[in-house]
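As structure tokens, the structure follows; a few thoughts come after it.
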Amino acid sequence: MGFQPIIPTSKHLQLTQPATLKEIKVALFSMKGLKSQGPDGIQALFYQKHWDTISGTFLDFVNQALLTGSFDRNLIQAYVALIPKEDSPDVIQKFRPITLLNVAYKVLSKLIVNRLRPYLQKIIGPHHSSFLAGRSTMDNIIITQEAIHSMKHLKGKKGAMVLKVDLHKAFDSVLMDCLDRFAKSSRLVLNLQKSKLHTSPNVQRTVANALNLAGDNALWCQVLQDKYLRGACLFDVKAAQRSSPIWHGILQCRSVLRMGIKWRIGYGENIDFWKDLWVRYKPLNCYWSQGSFEAPPALKVAEVITQDREWDLEALHDLVLDELVDAI
């Protein structure tokens, strides 16, 4: 998709400049005061309550770390607690590890994250959908359902497959070369017990069984646009018989969208004055009354906007009723 994870050079100074007390305070006070403490035994509440006393020391610590790229290694010591995922867990995979870090280290990390946050959308590819504002794991659910739906109707000699990969916390040996390459290139480790392969109907069962592992502006919007719209307007396309349930659901909601959706006019060069739904709840050609057999003149909204970016009221009054001019 031509994604280039680069932070502009002009922004580098903002990321590396010395911290301010305000930045540190924002990071510190965003923490819950009584969360479990790290090895030093000091909770965030202590720092928050005594901020006026310790703020100068905290500022020196953070700026020294930013300047030198190092700090006392004792600060990164941590406790690891195992939280059971279910009652009576009997294997290590049924525990969820959480790391209890010292507050001072967490403040430093949060400050860096807060500086990076405005650039995360630009440096993290569109296929990563979790833990980023404006993205959701629902994106991948929709994309996966659309992929499986398309595969079900695939015909011809070329088959398709979808590989669902579960990532492991600890290393597991991988026997298949393709998965081994994936793990090495991504530096992620696969959990074969939870991974699965799905193939299209035109893939021979013997091949599918041989491939199987243990026995799958948002990206999902782009997928649906490429699959169903192909440059057409959402309100113009018709539901194909083999459309997915998700797409059928979206099309059934169009009547609701029409009631509340509004055009952002801009310069109006791409908006058809008569045919597009940009005023009220139906196209303006529905109000055309210059003769029952005469079609309204071809017109773009840009043609009724003056060079001063104002509505050309005289032209509008010549075209539509006064009440519609008021609505415009």
Heavy-atom distance under 4.5 Å between the side chains of [X] and [Y], does that happen here?
| X | Y | value |
| --- | --- | --- |
| Lys106 | Met31 | yes |
| Ile112 | Leu66 | yes |
| Glu310 | Ile305 | no |
| Val325 | Ile328 | no |
| Tyr228 | Ile250 | no |
| Ile271 | Ile265 | yes |
| Arg242 | Trp247 | no |

#### Entry: For His149, all residues meeting ring pair (Phe, Tyr, Trp, His ring centres under 6.0 Å), sequence neighbours excluded
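Listed in chain order: His153.
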
Considering all heavy atoms of both residues, which atom of [X] and which atom of [Y] are nearest to each other, and what is their separation?
| X | Y | answer |
| --- | --- | --- |
| Leu111 | Ala19 | CD1-CB, 3.7 Å |
| Leu108 | Ala65 | CD2-CB, 3.8 Å |
| Leu319 | Trp274 | O-CH2, 3.7 Å |
| Ile24 | Phe58 | CD1-O, 4.1 Å |
| Gly266 | Arg309 | O-NH2, 2.7 Å |
| Glu146 | Val223 | CB-CG1, 4.4 Å |

### Query
Under a 4.0 Å N-O cut-off, is there an ion pair linking Asp90 with Lys94?
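Yes.
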
Pairs of donor and acceptor atoms involving the side chains of residues 37-46, under 3.5 Å and at least two apart or interchain, shall be tabulated with distances.
residue, atom, partner, partner atom, Å
Asp40, OD1, Ile42, N, 3.0
Gln43, NE2, Leu34, O, 3.3
Gln43, NE2, Lys35, O, 3.3

So, taking the atom named [atom1] in [X] and the one named [atom2] in [Y], what distance separates them when rounded to the nearest 0.5 Å?
| X | Y | atom1 | atom2 | value |
| --- | --- | --- | --- | --- |
| Thr144 | Asn140 | OG1 | CG | 6.0 Å |
| Leu224 | Ile246 | CG | CD1 | 7.0 Å |
| His12 | Gln17 | NE2 | CD | 13.5 Å |
| Leu316 | Asp322 | CG | CG | 10.5 Å |
| Ile148 | Ile143 | CD1 | CD1 | 12.5 Å |
| Ser243 | Lys227 | OG | NZ | 8.0 Å |

### Query
side-chain contact (heavy atoms from CB on, under 4.5 Å) between Trp311 and Val301: does it pass, once the steps are laid out?
CA-CA 10 Å; Trp311 291 111; Val301 171; 3.9 Å; yes

Show me the side-chain donor-acceptor pairs of residues 67-74 shorter than 3.5 Å, one per line, residues at least two apart or across chains.
residue, atom, partner, partner atom, Å
Thr68, OG1, Gln64, O, 2.7
Thr68, OG1, Ser70, N, 3.3
Thr68, OG1, Ser70, O, 3.2
Thr68, OG1, Ser70, OG, 3.3
Asp72, OD1, Asn74, N, 2.9
Asp72, OD1, Asn74, ND2, 3.4
Asn74, OD1, Gln77, NE2, 3.4

#### Entry: Residues which pass side chain to side chain contact (heavy atoms under 4.5 Å, CB included) with Ile98, listed by chain and number, not counting sequence neighbours
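Checked Ile98 against side chain to side chain contact (heavy atoms under 4.5 Å, CB included); matches are Ala81, Ile83, Leu100.
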
### Query
Within a radius of less than 6.0 Å around CD of Glu314, do more than 12 heavy atoms belonging to other residues, nucleotides or ligands occur?
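It does not: Glu314 CD has 12 such atoms or fewer within range.
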
#### Entry: Candidate pair Leu28 and Val103, rule side-chain contact (heavy atoms from CB on, under 4.5 Å), full reasoning
CA-CA 8 Å; Leu28 174 61; Val103 171; 4.1 Å; yes

### Task
Dump the intermediate steps for side-chain contact (heavy atoms from CB on, under 4.5 Å) on Ser30 and Lys110, then the final yes or no.
CA-CA 9 Å; Ser30 68; Lys110 280 181 173 286; 3.7 Å; yes

Hydrophobic cluster membership, [X] vs [Y], 4.5 Å side-chain cutoff:
| X | Y | result |
| --- | --- | --- |
| Leu229 | Ile142 | yes |
| Leu21 | Val107 | yes |
| Leu101 | Val113 | no |
| Phe61 | Phe29 | yes |
| Tyr47 | Val26 | no |

I'd like to know if the side chain of [X] reaches the main chain of [Y], judged simply by a donor and an acceptor atom lying under 3.5 Å from each other, with no hydrogens or angles considered.
| X | Y | result |
| --- | --- | --- |
| His317 | Asp312 | no |
| Asn102 | Tyr105 | no |
| Trp278 | Phe273 | yes |

### Query
Between the side chains of Ser36 and Tyr79, is a donor N or O closer than 3.5 angstrom to an acceptor N or O?
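Side chains of Ser36 and Tyr79: no pair found under 3.5 Å.
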
### Query
In chain order, what residues pass the salt bridge (Lys or Arg N to Asp or Glu O under 4.0 Å) check against Glu323, with sequence neighbours excluded?
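If we apply the salt bridge (Lys or Arg N to Asp or Glu O under 4.0 Å) test to Glu323, skipping adjacent residues, the hits are Arg280.
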
### Pairs where residues 18-33 contributes a residue and the test salt bridge (charged side-chain N to carboxylate O under 4.0 Å, His left out) is met, not counting sequence neighbours
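Checked against salt bridge (charged side-chain N to carboxylate O under 4.0 Å, His left out) - neighbours excluded - the pairs reaching residues 18-33 are Glu23-Arg115.
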
